[in-house]
Structure formats: structure tokens, C-alpha cells
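Heads up: the structure comes next, in C-alpha cells.
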Amino acid sequence: MSTSLSASTLLAVPLAPLVGSALAGILGTKLGGNWFGRRLCHSLTILGVLVSFILSAMTLKAVAMDGARFNETIYEWMVIGGLKMEIGFLVDGLTAMMMCVVTFVSLMVHIYTIGYMEEDAGYNRFFAYISLFTFSMLMLVMSNNLLQLFFGWEAVGLVSYLLIGFWYNKPTAIFANMKAFLVNRVGDFGFILGIGLIAAYTGSLNYTEIFEKLPELAQVEFPWYILGQDAMLMTVIGICLFIGAMGKSAQFPLHVWLPDSMEGPTPISALIHAATMVTAGIFMVARMSPIYELSDAALNFILVIGAITALFMGFMGIIQNDIKRVVAYSTLSQLGYMTVALGASAYSVAVFHLMTHAFFKALLFLAAGSVIIGMHHNQDIRWMGGLRKYMPITWITFLLGTLALIGTPLFSGFYSKDSIIEAVHFSNLPASGFAYFAVLAGVFVTAFYSFRLYFLVFHGQERYDQNPDAHHDDHHHDDHGDGKPHESPWVVTVPLLLLAIPSVVIGYMTIGPMLFGDFLADAITVNTEAHPAMAEFAAMFTSPLGMVAHAFFTPPLYLAAAGALTAWYMYMVNPALPAAIARKLRPIVVILENKYYMDWINENIIAKAARGIGIGLWKGGDRGIIEGAVVNLSWKIVGFVAGIVRRVQTGYLYHYAFVMIVGVLAFMTYFVWLAK
């Protein structure tokens, strides 16, 4: 174990944003919304995240360059029956990468928030929340045990609840944050069952100790009574853990909360969707790769869920008119790609796409927020157009993010997205055929809705003065007074420029060490004999430039080009065509507009069924059996017997003598006549 990583330095990484959050929360309450209070609060939180980022970058350098590793317990909370409850850190390539991604994106969001939330009454509170969010995610990714992982897991869920409903006077925001909270409770129920099974069978919550005991548990059967037959323990644990990931990383059918999370301010949309909450599930499955390598059934399940999410959530992006919701459904689709990579045992590819996606998706969200500022808080892309000449920095950065998203060669998204498609192509699992079709079709869909958004916002006719519902929101005002869009202030555009750099170059720079080097070798386990996808992909890979050359002989490049050209023709050359197609395909459009009726199913079937079960347990179980039969019936029987006994106990001696004589006669009768 290297001495270049110290416990105190690592402890400072999550504590720095926590201290900033606490100070901002306390001082923000005391100082209110005055200029000094706002400046002090955002300075403290930005300083905390900056310190965390610098320390994370130093940690990444030590891990990548010097081979440093850290796996120690920092504090032992308590021991229950031999099960240790600890706080500890595990720092390897996976952790160091996640630390840098989380802190860098969070730093950009903090700076951006100064401009975006400038006139919001909850300015100080927002900074306290987003710093607390950063602390929670860092505790999650740095943990060396499932207890601390679960703490961070629940903490990001709690803070996301506070941030999605940040504008608590807005009914749709309150509905959205409650929806996110409840849907994640469903996933977390499966997650805690998985953790409980691990603790029960291994006697530990520490990753290293758990993984050491997996070989002896690989053949253990679990009584899967629901199916009437036994299943492998590893399959049950893997599926239970993945149900938790389905909630946090918004996989079908637990995806319904993520689009509604757009009700929160744009900076938190970027933080949730890019580097924190939604990536937690992907990170967890990658960290638990030794478990998943022991269950093909769990991997097939993951492949199918990821493929459905990648393709069908992409379709949803085609019909959205809210700029943030288009990007939100793009996040859902890309999370599906990451999940497919996990199912194909290409864990390193999944976290590689997680990293590249964090940069270009944060860029797209923050650029969308810049557009919203420029459009005086109008979010409907049907009433935009021609913004390129008014907002040149936002335009070029948004274009770079879009090119990365669709997988343009040399851009970061190209390397990670094409790697997923190649890995799934080489997978030998039964579900890989469907998954390969889904991710391949998703390339065209992604390019189409991405460039539909791009062309409607930045090119074509200026439509912002034709919106019949145009209004100026309290959060953003037209400082220029001419009613036209204008470029955002530097605190908004600088983060866009800084995020655009890794969105373009990070994939080219890191694909070799991350996928085919030793950077993630000790963090991820792959059984290459049973799951040869990555081994075959590695044999084919030559270099980053060689991968670009290879792209010209594979379908994804042409599917992406076809999607972009189709969007250009439909929205720039022949803008009447989309409406005509929508009329012809009205039944499909209705299904998409109703979001596959998942909200209706949840509210009218699942929620009512759950409510019915709850009412049945309340009236039948609690009031009927427990209260009525056990509690009330018991005292009624006692009262009835007491009433009879009370009548017998008259207090007259001749009554007692008569009872005694009757009793003696009864005994004599029994022994003389009946006992023969």
C-alpha cells in the first residue's frame, strides 16, 4: 500500500464541500439575501469544492502515475454480532476518476450558478444544497464498504429531493420531487435487500472481505419461493442490487422521475444528470463486478433493461419541445447505453462513457440554461431559432456538446459510445442480440433528436417574438431592454468553455489506459473465459486514430450522419414535413406524448393496487385481526367469563355447599358408571 495517499488528505476531499455547505447554510440564514451574504456564501462553497477538486486531481495523479492505492478504515462506528459498521475509503483508478469528475463538474456548476440564480431569493440556500450534494456523492464513490455506500446513496437522494423541489411554491416542482423520492424508495428497497443478503451470507460489509468470500458462495442456491424453485444466490443478490441502480440511474420502468426533475433549477439538472445521482447506480454495479461475473442471469437482465431504456427513451426525445426535457431524455438514453455495457461485462467501457458523458451532458445542460437566460426564461424550442448570431459562445459550446453526444469521430462521445456498441457486438450472452440492435438504432435516434434541438434553437427563422405564451420569469429579466436574446454573463460562459474542452479531447486522451491499460485493472473484475467481449474488443483496438479509421467501415458513423441529415432536412429545408409525419403516425405520437402510459400505469394501477393492499392490511389485518380478533376479542372473552364467574360468586354459604354437593355427586357418578 502506497504511502503517497494519506487518510487526512482523503478525508479533506468530502469534508471541504461539507464545511462550505454548512457555513453557507448558517451564514445564509443569518445574512439573508443581501449582497455581502450572497457573495460570502458562494465564495465559501466554491472554495470548498475547489479544494476538493485540487485534492482529487492530486489523488488521480498519484493513482495513475505512481500506482498509489488506499484501502483503510477511518472510523469504526460499532460492531453488531461480528458485523462491523465502519467509515473507510477505497481509492483506486475507479474512485480517483469519479472523484475528479464529480468535483470538476460540481465546480463548474457552482460558478455557473452565480449567474443563473442571480436574482433568486433562495440563492444562499441553493449553494448550501449543491455543496451538500457534492459531499454526498464523494462519500458514495470513496467508500470501501456497503454501509458508507448506502449512506451516500440515500444522501444524494435526499438532497436531490430538496433541489428538485427547490422552488417549493411551485406545485409541479413539489410533485416532481415527491415522485423522485417515492420511485427511488422502490429501487432502494431492492438495494437494501441485496445488501442484507450480502451481510447475511458473508458476515461483512467491507468490499474486500465480501469479494474474498465470493468463490465459496458461487454455487450456493437461494430459496426463490416466488418462482417455486431455487435460484443461485449470486443471481438474487445481483438483481436486488441492480434494482437499486434502476432507481438511482433511472432505468426502465423506474425512469419516470428523471424527466420531471427538470422542474428544479437548471444548475441542479446538470449536476444530477451529469456527475452525481444518476451515475451512482452505474458506479455501484461496476464496483460490484465480482458479484455480477458469477451470474449470467443477472447480466442478461441488465442487458435487456439497459437496451429498452437506451432505445425507447431516445424516442421520447424526438417529440419534446422543452429544451431541458430533450436533454433529460437524452440522459435517460445514455444511461441505458452505460447499463448495456455493464450487462456485456464491459464495466470499464460503462464507466468510461460515464466519464465522457458527464462532461458533454453537463455542457449541454448548462448551455441550455444559458439559452433559457437569453430567452428570458422561455424553454419552448418552437419559439426560438436564429440564436447563433446573438449567443455565439453558447452556440459553439452547445454544438460541440451535441457532436460529442452523437458520437462524432475524435470527440469524447465517439470513443465511449462506439466502444459500448463494439463490446455488445462481441458479447456472447443471449440478450446481447437485442441489446446490439437497440444501441445501434439508438445512434440514429440520438443524432436526430440532438440536431432537431440544435437547428430549432440556433438556426432558421427567429420565432422568439411569436410565442403567444411569452412571459418574463421572475428569475431572469431583460437587462438590455430590447426584447432580443443576448449572450450570458462570463460566470455562465466560462464554465461552458471549460466543459467544452474535455467534451472534445478526454476520450482521445484516456481510452487506452482506461479500457486496455492497468488503470482500472484492480477495480474491475471480468471473467474473460465466460464473457470474452472486452478481450475481443481489445484484440481489435489499435489506437485512438485507428478507431476513427475503423469507424468508416461500421454502421454507427453512417447512422449518426443519417440522423443529423434527416433532422436538417425536416427542420431546415422542409419544416412542414414533421407535422405531416406526425399526422400520419398519430397513434405512435399519442403513445409517446403519454410517455408510454407509464405515469398512468403507476398512478392508476400500481399506486391504487398498493393503496388497496395498504387499506386491506389496515382494515383486515390491523383493525380486523390485530385490533378486532386479538386485542378486542381477548378482553371480551375475559369480560364474558368474568361475568359468569361474578354470578356464581354470590357470597351465600348454602350456594357454595350446594355446588360442592353437586360436584361430589358428579365425581361419584363418573367413577361408578362411566369409569368402568
Side-chain angles (χ1 to χ4, degrees), residues 259 262 309-334 336 364-365 367-368 371-372 374-375 378-391 394-395 398-399 401-403 405-408 438 440-470 485 555-599:
M262 295 301 96
T309 307
L311 181 58
F312 288 92
M313 295 306 109
F315 289 146
M316 288 296 304
I318 296 174
I319 66 154
Q320 300 300 314
N321 294 314
D322 184 304
I323 186 172
K324 286 172 64 177
R325 285 185 182 266
V326 177
V327 186
Y329 278 107
S330 168
T331 299
L332 280 169
S333 181
Q334 296 307 304
L364 287 172
F365 264 113
V371 170
I372 292 170
M375 293 298 301
N378 168 38
Q379 296 182 197
D380 195 326
I381 60 176
R382 294 172 296 182
W383 309 112
M384 296 184 186
L387 295 187
R388 179 171 60 92
K389 63 181 179 182
Y390 298 109
M391 308 180 73
T394 302
W395 161 66
F398 194 96
L399 176 59
T402 300
L403 291 172
L405 173 61
I406 70 168
T408 306
L440 208 55
V443 173
F444 175 87
V445 175
T446 301
F448 179 77
Y449 68 67
S450 297
F451 271 94
R452 169 183 178 264
L453 175 64
Y454 170 74
F455 287 130
L456 286 176
V457 172
F458 292 102
H459 292 272
Q461 180 184 359
E462 298 176 4
R463 302 177 300 278
Y464 50 84
D465 56 351
Q466 302 173 17
N467 185 2
D469 301 318
L557 177 62
Y558 300 101
L559 287 170
L565 289 173
T566 303
W568 170 77
Y569 178 77
M570 291 178 64
Y571 293 96
M572 298 298 296
V573 178
N574 189 3
L577 184 58
I581 294 175
R583 286 192 297 269
K584 294 289 185 181
L585 302 177
R586 185 59 189 164
I588 296 176
V589 173
V590 170
I591 292 173
L592 293 175
E593 287 176 344
N594 285 279
K595 297 179 279 190
Y596 303 113
Y597 294 95
M598 288 304 302
D599 285 337

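Residues T331 and F365 form a side-chain contact, since some pair of their non-hydrogen atoms from C-beta on lies under 4.5 Å apart. At least one side-chain heavy atom of F315 sits less than 4.5 Å from a side-chain heavy atom of I318. You'll find the side chain of L559 stays beyond 4.5 Å of the side chain of L557, heavy atoms only. A 4.5 Å side-chain heavy-atom check between M570 and I581 finds at least one atom pair inside the cut-off. Looking only at side-chain heavy atoms (C-beta outward), T309 and S333 stay at 4.5 Å or farther from each other. At least one side-chain heavy atom of F451 sits less than 4.5 Å from a side-chain heavy atom of L403. Side-chain contact between I372 and N378 is absent, with no heavy atoms from C-beta onward closer than 4.5 Å. For the pair T394 and L387, the minimum side-chain heavy-atom distance is 4.5 Å or more.
The distance between the ring centers of H459 and Y571 does not fall below 6.0 angstrom.
Using a cutoff of 4.0 Å between basic side-chain nitrogens and carboxylate oxygens, E462 and R388 are not scored as salt-bridged. Here D380 pairs with R382 in a salt bridge; the nearest charged N to carboxylate O distance falls below 4.0 Å.
A donor-acceptor pair shorter than 3.5 Å cannot be found between the side chains of Y454 and W568.
Summarising the geometry of A560 relative to V443, their closest heavy-atom pair is N-CG1, 3.6 Å, with the distance given to 0.1 Å.
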